[in-house]
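Scroll down for the structure; my scribbles are underneath it.
Computation of the quantities below employed the complete heavy-atom set of this structure, encompassing side-chain atoms and omitting hydrogens, waters and symmetry-equivalent molecules. In this text the structure is predicted, and so the values were computed from the model without any measurement. Just follow the structure's listing: the first ligand is 1, and inside any ligand the first atom is 1.
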Amino acid sequence: MQNKQSIHGAWANRWIFILAATGSAVGLGNIWKFPYIAGENGGGAFVLVYLFCILLVGVPIMMAEVLVGRRGRQSPINSMREVAYEAGHHGRWAGVGWMGALAGFFIFSFYSVVAGWVLYYIAGMGSGKFVDIGSEEAGQMFGALLEDPETLLIWHSLFVVLVMMVIAGGVNKGLERATRVLMPLLFVLLFVLLAYSINSGYFAEGWDFLFHFEPEALTWNAVLVALGHAFFTLSLGMGSIMAYGSYMGKRDSIGGTVLAIAGLDTLVALIAGLAIFPIVFGNQLDPGAGPGLMFITLPVAFSQMAGGQVFGFLFFLMVGFAAWTSAISLMEPGAAWLVETLGLSRTKASILLGVLVWLLGLLALGSFNVTSDFLIFGMTAFDFLDFLTANIMLPLGGFFVAVFVGWYLTREMSEDELALRSSLIYQLWRVVIRYVSPVAVAVIFALNLYQKLVG
Ligand code: TRP
């Protein structure tokens, strides 16, 4: 069983795996969400905690996910079952894979709506819709978009089709090809924008905001947000990384690879912050503007700067690429399972899943207009799907993977699969995955839920 291959294919080399997993990790979470939650939670204080969370919880759990995927060489559902059997345990562990596939389906439905906004902004920037606008106009334009179900529908549908095309292509002709084309472009665009913001004259203010640590600014809530976000941004807890790990080369080191992925993801989030905040400060805008930071304040800023239309277009193009490569990984666990278990072709699997996420996406989309009165626990469908996945399903998934790998796998299995150079590092990882990560996640999970439901 050690040298098994996945029936879906394998990444061409270690770097492709790193880039594909980075493509999954780097998405709306990094460019849209990270800057605004950092802005809302006091900048530097938040960033420091976030970095700790990535290292202490994110990296060890990502190693655990890759480990299970490569050991099982199948979709997360089937890998969890296989690896549980190999360790002498019950096949019920497949349930963690099931919950993950379902979470991917839920996340996709609202992720695709936000990605649709991004596509709309790419087109809008390109056609000059946002030239010479003030903040009031920008707010109205964003509001008008949300209230227009037809327009939202067009872009949401387009995004679903883009993802279906890649999934239909399979691991090598779909996922790997998208990775090879989109990831270099994403990095190039990111550095162009960084250079632009360095030259904006307000780089120091942006830097200071992100890295100036003020202990007073640190709140308990910021810690919660940071840990939850570490999960979301690294694509953990639902099997994205497990599925990608099942296509990874047997000889490649899991530890080093995961560090590279987490490092790149963090780097992109920080650079996105360094590209955005100088623009925000340069235009006397509010860094704590919340979710609208990217869709309202940035178009204003771009509209007032030299070359802003071009850079605005490039900026949203980059966000679109990032969202695309992330959404692929949300669908892959389900698609792989359909191919393995029901024997569907990749094309049929992608059509089936595409139609399902598109339908659920309609509910997420309608949350801003036609179905805004349809509330679940007092939340619109969009907010509920976000809450259910980010605050419940992902932490639970991550928790169970940590417990499974730390407590149920035999020591031989994890030691063999990780093949770490020093036994001291292995020992350290084992303590973290058995105690530190599950306890940290359980605490977040409980506090987050408590905060949301009670106070
Ligand atoms: N990590 C991606 C982002 O930051 C989103 C994502 C892709 C994701 N796959 C995931 C989040 C799996 C949680 C779980 O935008």
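- Cation-pi check for Arg434 over Trp407 is met; the charged atom lies under 6.0 angstrom from the ring centroid and within 45 degrees of its normal.
- When only non-hydrogen protein atoms are considered, atom 14 (C) of ligand 1 lies nearest to Met238 CG, 3.3 Å.
- A donor and an acceptor atom, one from each side chain of His8 and Gln74, are nowhere located under 3.5 Å apart.
- Counting only heavy atoms of the protein, atom 15 (O) of ligand 1 lies nearest to Tyr111 OH, 2.5 Å.
- Side-chain atoms of Thr257 and Asp252 form no donor-acceptor pair, as typed in the model, at a separation below 3.5 Å.
- The environment of Phe52 atom CZ is sparse: at most 12 non-hydrogen atoms of other residues, nucleotides or ligands sit within 6.0 angstrom.
- Contacts between Ser326 and ligand 1, counted as non-hydrogen atom pairs separated by less than 4.0 Å, involve both the backbone and the side chain.
- On a distance-only criterion, Leu330 and ligand 1 share no N/O pair closer than 3.5 Å.
- In this structure, a donor-acceptor pair under 3.5 Å is present between the side chains of Ser329 and Ser24.
- Annotation: atom 11 (C) of ligand 1 to nearest protein heavy atom, Phe232 O, 3.2 Å.
- With ring centers used as reference points, Phe108 lies 6.0 Å or more from Trp358.
- Using a 4.0 Å cut-off to heavy atoms of Leu394, the atoms of ligand 1 that qualify are 13 (C), 14 (C).
- Side chain of Asn369 to main chain of Leu146: a donor-acceptor pair is present (N/O by atom type, distance under 3.5 Å, no hydrogens or angles).
- Proximity to Leu236 (heavy-atom distance under 4.0 Å) selects the following atoms of ligand 1: 14 (C).
- Which parts of ligand 1 touch Ser24 is read off a 4.0 Å heavy-atom cut-off, strictly below it: atoms 1 (N), 2 (C), 7 (C), 9 (N).
- Residue Ser329 has at least one heavy-atom neighbour below 4.0 Å for each of these atoms of ligand 1: 7 (C), 9 (N).
- Atoms of ligand 1 lying under 4.0 Å from any heavy atom of Leu28, numbered from 1 in the order shown and given with element: 15 (O).
- Smallest separation of non-hydrogen atoms from Ile328 and Val166: CD1-CG1, 3.5 Å.
- Residue Gly237 places every heavy atom at 4.0 Å or more from ligand 1.
- Annotation: Gly29 places an N or O atom under 3.5 Å from an N or O atom of ligand 1; distance criterion only.
- The protein atom (non-hydrogen) at minimum distance from atom 4 (O) of ligand 1 is Ala25 O, 3.1 Å.
- The option from Ala390, Gly239, Ala103, Ser235 that lies nearest to atom 6 (C) of ligand 1, judged by heavy atoms, is Ser235.
- A donor-acceptor pair shorter than 3.5 Å can be found between the side chains of Thr341 and Asn78.
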